[in-house]
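Everything below concerns the one structure shown next.
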Amino acid sequence: QVQLMEAGGGSVQSGGSLRLSCVVSGNIDSKYMVGWFRQAPGKEREGVAAINTDGRTDYADSVKDRFIISLDNARNTVYLQMNNLEPDDTAMYSCAADSRWWYLLQPGRGLSRNEYTNWGQGTQVTVSS
C-alpha cells in the first residue's frame, strides 16, 4: 500500500506564494511519477504539474510560468512551489503517485486524474483578491 501526505496549504493574498509538499511512503517502486492536482468547488479535478523520479516534469498551461515542481529523492518528497497566486488558484490540492512512470511520461497522461491509483487527502489553498 502506498501513502501520500500533503502539507503546506493555507490562505494568502493575490500575488503571494506557498510551497506544498507531498511525502510518498509505503510499497512503491523506486521509480515512479507524482502528480499534483486541484479541485475547486463545482469544478472537475485538474492536473497542475507532474514529475517523475528522474526529474522530468510537465505543467498545465495555466500554471507553467508560476509553479515549480521538484523532487527530493532522499526524502521521497515532492514539492510544488506556487508563486504569483491568483484567486482562480483557490482549490483543494492533492498529490497522486503511480509506478507506471514510463507510461505517464506520454504527452498528457501525467496530468490526467484518471491515470493515478494512489492519492493523498489533500491540502486547501485559498487565495484572496
Can Asp58 and Arg109 be counted as an ion pair, charged N to O under 4.0 angstrom?
->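 Salt bridge: no.
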Could Arg113 and Glu46 be called an ion pair, given the rule that one side-chain N must be under 4.0 Å from one carboxylate O?
->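 The answer is no: the pair does not qualify as a salt bridge.
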Sub-3.5 Å donor-acceptor pair from the side chain of [X] to the main-chain atoms of [Y], do we have one?
X: Asn118; Y: Ala97; result: yes
X: Asp54; Y: Arg56; result: no
X: Tyr116; Y: Gly110; result: yes
X: Glu6; Y: Gly122; result: yes
X: Asp72; Y: Ala74; result: yes
X: Ser99; Y: Tyr32; result: no
X: Tyr93; Y: Gly8; result: no

At what distance, to the nearest 0.5 angstrom, does [atom1] of [X] lie from [atom2] of [Y]?
X: Gln81; Y: Ser21; atom1: CD; atom2: OG; result: 11.5 Å
X: Thr123; Y: Met5; atom1: OG1; atom2: CE; result: 10.5 Å
X: Met92; Y: Arg38; atom1: CE; atom2: CZ; result: 14.0 Å
X: Arg100; Y: Leu105; atom1: CZ; atom2: CG; result: 12.0 Å
X: Ser30; Y: Asn73; atom1: OG; atom2: CG; result: 9.5 Å

Less than 4.5 Å apart, side chain to side chain, heavy atoms only: is that true for [X] and [Y]?
X: Val34; Y: Leu71; value: no
X: Leu20; Y: Val125; value: yes
X: Trp36; Y: Met82; value: no
X: Arg75; Y: Val23; value: no

Indicate, with yes or no, if [Y] and [X] share a hydrophobic cluster defined by side-chain heavy-atom contacts under 4.5 Å among Ile, Leu, Val, Met, Phe, Trp and Tyr.
X: Trp101; Y: Val24; answer: no
X: Val2; Y: Leu104; answer: no
X: Leu4; Y: Tyr79; answer: no
X: Leu80; Y: Met33; answer: no

Could you pull out the closest heavy-atom pair between [X] and [Y], with the gap in Å?
X: Asn83; Y: Ser17; answer: OD1-OG, 3.1 Å
X: Val48; Y: Leu111; answer: C-CD2, 3.9 Å
X: Ser14; Y: Pro87; answer: OG-CD, 3.9 Å
X: Tyr59; Y: Ile68; answer: OH-CA, 3.4 Å
X: Ile69; Y: Thr57; answer: CG2-CG2, 3.7 Å
X: Ala96; Y: Phe37; answer: CB-CE1, 4.1 Å

Worked verdict on Asp98 versus Thr117 for side-chain hydrogen bond (donor to acceptor under 3.5 Å, both in side chains) = CA-CA 6 Å; Asp98 197 285; Thr117 54; 3.1 Å; yes
Under 6.0 Å from the CD atom of Gln124, do we count more than 12 heavy atoms belonging to anything else shown?
-> yes
Does Gln106 CD have over 12 foreign heavy atoms under 6.0 Å away?
-> yes
